[in-house]
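Below you'll find the structure, written out as C-alpha cells, and then a few comments.
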Amino acid sequence: MKPSAATLRVLGRALTYALAVLVALWVLVPIYLIGVAAFSPQLAVYQYPRPFFPAPFSTETMLFFLKSAGVAASVRSSIVVALITLALSTLIGAPAGYAVARFIFPGRDSFRLLVVSTRAFPIVILSIPLAVTFIRWDMYDSVYSLALMHTALALPFTILITSSVFASVPRDLEEAAMTLGCNPIQAFLRVALPLALPGLAAATLFTFVLSWNEVFAAVILTVRNRTLPALVLTVLDVSPLPYRFAGGFFMLAPSLIFMLFIRRYLFTLWGRVTK
Amino acid sequence: MAEIRLENIHKTFGKTVATRDVSLTIHDREFMVLLGPSGCGKTTLLRGIAGLEQIDAGRIFIGGQDVTDLPPRQRRIAMVFQSYAVFPHLTVYENIAFGLRMQRLPDAEVKERAQSAAELLQIAELFQRYPAQLSGGQRQRVAVARAIAVQAEVLLMDEPLSNLDALLRLEMRAELKRLLKEVKSTVVYVTHDQVEALSLGDRIAVMKEGAILQCHTPLKVYDFPASDFVGGFIGNPPMNFLAGQVSADGDGLTVTAGGARFHPPAAVQALLRAKPGARVQLGIRAENIEASASRLEGALSGAVLVVEPLGSHNLLTVQVGDERVKVNTHADAAFQPGQPIWLKLAADKIRWMDRESGLAIE
C-alpha cells in the first residue's frame, strides 16, 4: 500500500521535530553536563561514565574556582567593564536608535548599513593597531579602556535593538501627546519612553551579556586587569578539570538567565512579530 | 473665537504635491469636513493645521493669530487620530486627564472636567481600565473624550470613524453630531466617506490632487456639484453623466442627449453661446429621473440592464445608447431586465457641465 498524503505529512512533521530536538540537545547537553560537573565534588569530574545528576550535590568545585588566584578580581573587572559598557552604549545607542526609528534624515539607510558593517570588520585585523594605539595613548591594560572597546562592539546591537523597540511605539502616540500640550521632549518622556522601557531594558541586558562574554578584545587589551573570560582563557590549559567546568558554568549562567528574560525582544529584533 | 484661515498652503513630499496652494476659511464653531479620495491631501492639510506637519509655503491663522510657526501645543487645538492613539500605559482616566494635567490644572478641576467629558461619551464607568481591556468602539470614545476634555477652540478629527465596523460607525456618527454641537469648538473633520461628510458637515470641502474643488453646504455640494468629479464622488449611486450635442434652434440652443432634446436655462444658454463648439454633458442624479414602462414625451429611451432591489427602493441600471444610467424607482415598480424603458429627467435638476474640463457651466 502506498503511504497517503496525510501519513507523509505527519512523517515530515515528525522528522522536523526530531531534528529540532537533536539540535537542541546538541546545545543543551554539554551545558547541562558542565552544570553537573560544576556542582559535583571535584573528584567526580574524573568518573566514568559521567553521572547525570550531581551526586552528591556539592558547591566544593564552585568554591574552589571562585577562590582561585585572580578570579575574584577578574569578576570585579568583568562587572565594572560590563556596567560601563551598558551605560555608555545605552546613552549613545538609544538616541541613535530613536533617530533611526523616528526621523527620515539624509543618509539614514547608509547609516543603518554602516552600523551593521562595523561588525563585519574582523576584530583580529584591528587587534594589533588597537593595542598599539592604546599603548601609545597610555590607555593600555585598564578596565575603562576595555569598556570603551566593548561599547564600540556593542553599539551596533544597541542601536539595532533600540531602533526596533522605538519603531514598535506608534508615532501617533507621541503626536497625540504633542497636541495635548507636550513639547517633543515631554512627549518622549511621558509616552514613548514608558512604552519602550521593557525593550530598552532588554537591550541593556543584551549589552551586559555581550561584554561579559567578550574575550578577544579583553585578552589583547589587558594584562593584569583581566576580565573573567580573558583570565579563564589564559589559564585554561594549565588549570585542573574541575576549575574549567566551574569557570565555564560561572560564565554561562548570567547569559542564560538574561537570554531567558529578553528572549521576546530578541525575536522582535530578528523580525518575528510578537504581541 | 476660533476662525481658521488657511492662506495658500503648499506642501510637497519629495516629488508628490500633497496640497497645492490651498486657501480656505473655516468660520468660528463651524463643522468643516475635508472630503476626498485617499491621497488627495486632506490629511496633510489637517496635520498642517495641527502643526504636526511643517508646510512648505503659506500661512495658517487660528483665531486671528498666525500659528504657522508654532508647535502643536501652542495652537489651542485638540486632535482625534484615525488610530485613536490612546496611550496604552495609562488608564482611561489618565488618558482623558492627560491634556488637563499638561495644563497644570488643580486636581479637582482635572477630575471634574475628565468626568464630564467621560459622561458625554458614556465611558465614565471605564475609568480604571487600560486601553488593552477596551473594545475598538470604547477606545474611540476615550480618544474623543480626551480631545474634548481640554476644551480646545479647534477640534481636529482625522477619519475618526474609519476603524469602526459599519453598525458602530452609524451609531457613533449620530453621537458625534450631537456631541460636537455641545462642545462649541470649530471642527475640522477629515473623511473619505461621502455619507459621513453629508451627514455631519456644516460645509464640505471636496478635495482632489491637493486642491479644493468645491466648498459649500452638503445640499449645495450634492445638488450643484462644481464638477463631474464632485458629482461622481458624492452621492450613492454617483451622479449620471450624459454626453450632449449642442445645436442652434431658432433663437435658442438645443442640446440632444440620449435621443432626447433639452433646452438649457437662459444663463447656461448665454455661456454656451459665448463658447461655440463647446461639448457639454448633463449631470443628473438617480433620484431625479422618472422611469416609465411606456413612452413619455421628451424622455430618453433605453433598455433595463440590471434591477437591484434595495428595500426602500429599486436601483436600475439602464442602457441608453452607449451610456449607462442609474435610476431609482419605487420598490413596487416591476421592471424586468431586458425590458424597454423611458427615462424623464427633472429639467430643474439637470447640472450642465463642460465635457472637456468637467466643470459646471455657470
Side-chain angles (χ1 to χ4, degrees), chain A residues 94 97-112 161-204 261-262 264-265 267-268 273-275, chain B residues 13-14 43 46-47 49-54 70-90 94-105 110 114 117 130-132 139 142-152 154-160 163:
Chain A
Y98 184 80
V100 171
R102 275 287 187 275
F103 304 120
I104 297 165
F105 51 87
R108 182 172 85 141
D109 291 334
S110 343
F111 177 74
R112 264 190 166 134
I161 300 179
T162 52
S163 80
S164 80
V165 167
F166 282 122
S168 71
V169 177
R171 212 202 151 111
D172 280 2
L173 295 178
E174 276 174 277
E175 289 184 343
M178 284 195 265
T179 63
L180 288 166
C182 289
N183 61 36
I185 293 167
Q186 287 170 318
F188 173 79
L189 291 178
R190 281 167 186 264
V191 177
L193 190 60
L195 290 170
L197 215 50
L200 291 182
T204 56
F261 276 117
I262 67 175
R264 192 155 87 84
Y265 294 96
F267 282 136
T268 347
V273 183
T274 48
K275 268 253 163 178
Chain B
F13 293 106
T43 296
L46 189 81
R47 290 171 56 85
I49 299 173
L52 295 171
E53 209 78 72
Q54 283 295 314
L70 293 182
R73 64 181 187 282
Q74 288 169 17
R75 294 191 178 201
R76 291 172 294 167
I77 53 135
M79 184 157 167
V80 178
F81 291 74
Q82 183 173 12
S83 62
Y84 313 149
V86 172
F87 306 131
H89 60 303
L90 300 178
E94 285 303 328
N95 260 284
I96 298 174
F98 190 93
L100 305 170
R101 292 207 193 283
M102 289 310 298
Q103 293 174 14
R104 301 185 183 283
L105 296 178
V110 170
Y130 282 91
R139 253 176 262 176
V142 175
V144 175
R146 184 178 67 183
I148 284 177
V150 293
Q151 296 172 5
V154 173
L155 188 54
L156 306 172
M157 308 186 109
D158 184 7
E159 309 228 13
N163 283 346

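First the proteins, then the strands, lettered A, B, ... as listed; each starts at 1.
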Less than 4.5 Å apart, side chain to side chain, heavy atoms only: is that true for B:P88 and A:L173? yes
Portion of A:Q186 that has a non-hydrogen atom of chain B nearer than 4.5 angstrom: side chain
Once you round to the nearest 0.5 Å, how far does CG of A:L180 lie from CZ of B:F87? 5.5 Å
So which heavy atom on B:M102 is nearest to which on A:G181, and how close? CE-O, 3.6 Å
Any heavy-atom pair between the side chains of B:M79 and A:E175 that's under 4.5 Å? no
What part of B:V86 gets closer than 4.5 Å to chain A, counting heavy atoms only: side chain, backbone, both or neither? backbone
Measure distances from A:R171 to the heavy atoms of chain B and classify the residue's part below 4.5 Å as side chain, backbone, both or neither. neither
For B:R146, is it the side chain, the backbone, both, or neither that has a heavy atom closer than 4.5 Å to a heavy atom of chain A? both
Between A:M178 and B:P72, the two heavy atoms sitting closest are O-CB, 3.7 Å
Atom group of A:L195 that falls short of 4.5 Å from chain B, counting heavy atoms: side chain
